[in-house]
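Have a look at the structure below, then the notes.
The sequence lines fix the lettering, A, B, ..., with proteins before strands; numbering per chain opens at 1. A quick note: this is a predicted structure, and the numbers were derived from the prediction, not measured.
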There are 2 protein chains.
Amino acid sequence: MAEQTEVPRRTPLSRERVLRAAVALADEAGIDSLSMRNLAQDLGVVPMALYKHVANKDELVAGMIDVVIDEIAPPLADTDWKHAVRERILSARRVLQRHPWVSLAIESQQTPTPAILAYLDSMVGTFRTGGFSVDLAHHVMHAMGSRTLGFSQELFDTARNAGRTGVTSPEPPAALPAQFADRFPNLAKIAVVASHDDTSVVGRGCDDQFEFEFALDLLLEGIERLHQQGWTSAR
Amino acid sequence: MAEQTEVPRRTPLSRERVLRAAVALADEAGIDSLSMRNLAQDLGVVPMALYKHVANKDELVAGMIDVVIDEIAPPLADTDWKHAVRERILSARRVLQRHPWVSLAIESQQTPTPAILAYLDSMVGTFRTGGFSVDLAHHVMHAMGSRTLGFSQELFDTARNAGRTGVTSPEPPAALPAQFADRFPNLAKIAVVASHDDTSVVGRGCDDQFEFEFALDLLLEGIERLHQQGWTSAR
DNA sequence: ACCTGAACACCGTTCAAGT
DNA sequence: ACCTGAACACCGTTCAAGT
């Protein structure tokens, strides 16, 4: 009787369950803590049991990426291409922010996963429906690069490898050492301006969302201009 | 006599020599082949000998990044900001292309290395000298993102993890399986256009250099427009 | 046939023993 | 004091032995 309740000790393993547990592990402990052994332990399984559901670790990560990408909402209908693209990218951004390890995982992959291909294909479709030539749509997709998926390459990005374990607070980049302002005067000046409501040299950090939208709109407006001018690559 | 030539069997280890050997190893065999043990073997040294010159592997990679970044030429003098920025970024791009592992290594770092900070500081200086407000220069640097360093986030990038060992040829993305065109019709159409001198569905791949400059110029022209308009963030 | 423990070939790094 | 071999605590994955 006690045994009866203990016998189905695990809902049976499935690829779905493996991938979801892996995503949860990476979200909570950071991508560095994601090992086949740790994942197996989280699932109460022996490590080799995972290999019936994923071929190897690379395939595991590819599956994890697809789980996340599938969270992105479909494009808005009944609106112009610019609005549809903008909103969808911001939606993708919100998804990726919930899973800080994904952007690096995507970049590390040698081949895009099916879900990413589907997302990109749908994005191209939005441009095409908006009247873009195949030629322009092609170059525009390249120009957007990873921004299409809602992340940009911030060179000061701190929290991408870390898990949510320790101090969760997005603490400002600590105090800038006095040395810093001497060696990198232009960066220091920028940091001070970024923290304009603070008179000290200690920056509050930048408003990532503002910066992302600034660059996105700069691109979208340039793209709109090319589109209106009927731009075409010389060929 | 034979011994005489053999006794100084190794020029003494130095941080410099360790870093250069590490860069060479990553260039030739790929970043995945860079281990403390492999590196030590290349240098004819016992693994623990490396730890007198680098604190740990993370510090080793940081040093390798700085070796590469220092290869980038200083900005052109006697020219306008737009030309100076454009040429320097294209110069950075040429450097990073010689070391395909660097972009991912930079992104994986949690903290920018001194050489990167110096490069970015100098880039900000070019904008400032060109008459940009601190405010605009700040947002512009964010908007450029990793493009400042000459790489963009191409989602189809193949050769970043690979070494130069095997087939070096930048082979076109193989044949697109027939399935592909069905599942991702918009992407398939783009791929066909990209290989416009080829009637088959097998793409020649894209002209990375063209795409990079297309996006770079799109950004630079948008930035120029903001600058001329005296753009300022609402605050 | 399926499952899984042990083993293999690696890691980065610590530490104590040797000189 | 310096150097270094062995060891530790991990990896991903193979493989053969057990059921």
Problem set entry | Nearest-Å distance for atom pair CG/C1', residues B/Asp32 and C/dC11 | 12 Å

For this session: Let me know the distance between CG of A/Leu34 and C1' of D/dC11, rounded to the nearest Å.
Result: 12 Å

Problem set entry | D/dC2: pairing nucleotide in any strand, Watson-Crick or G-U under 3.5 angstrom | C/dG18

Exercise. Is B/Asn56 near enough to C/dT14 that one of its side-chain N or O atoms lies under 4.0 angstrom from OP1 or OP2?
Worked result: no

Exercise. Taking atom P of D/dG5 as reference, at what distance in whole Å does atom OH of B/Tyr51 sit?
Worked result: 15 Å

Problem set entry | Integer-rounded Å distance: C/dT13 P and B/Glu59 CD | 11 Å

For this session: Have a look at B/Asn38 and say if it touches a base, only the backbone sugar-phosphate, or nothing, with a 4.0 Å heavy-atom cut-off.
Result: sugar-phosphate

Exercise. Paired with D/dG12: which nucleotide, if any, by Watson-Crick or G-U wobble criteria at under 3.5 Å for both distances?
Worked result: C/dC8

Problem set entry | Atom CD of A/Gln209: over 12 foreign heavy atoms under 6.0 Å | yes

Exercise. Roughly, in whole Å, what's the span from NZ in A/Lys57 to P in C/dC11?
Worked result: 15 Å

For this session: Return the value, rounded to whole Å, for the distance between atom CE of A/Met48 and atom P of D/dT14.
Result: 7 Å

Problem set entry | Check: B/Phe210 ring centre within less than 6.0 Å of A/His139 ring centre | yes

Exercise. Given A/Val18, which of A/Val23, A/Asp42, A/Val45, A/Leu43 fulfils the side chain to side chain contact (heavy atoms under 4.5 Å, CB included) condition?
Worked result: A/Leu43

For this session: Using the C1' atom as the reference point in each nucleotide, state the distance between C/dT13 and D/dT13 in Å, no decimals.
Result: 23 Å

Problem set entry | DNA chain D: 5'-proximal contact among B/Lys52 and A/Ser33 (nearest heavy atom) | B/Lys52

Problem set entry | Among C/dC11, D/dG5, D/dC11, the nucleotide that comes nearest once only the side chain of A/Ser35 is considered | D/dC11

Problem set entry | Rounded interatomic separation in angstrom, taking CG from B/Leu50 and C1' from D/dT4 | 12 Å

Exercise. If you count the non-hydrogen atoms of other residues, nucleotides and ligands that lie under 6.0 Å from CZ in A/Arg86, is the total more than 12?
Worked result: yes

Exercise. Do we get A/Arg93 above A/Phe151's six-membered ring, with its NZ or CZ under 6.0 Å from the centre and within 45° of the axis?
Worked result: no

Exercise. Rounded to whole angstroms, how far apart are CD on B/Gln41 and C1' on C/dC10?
Worked result: 13 Å

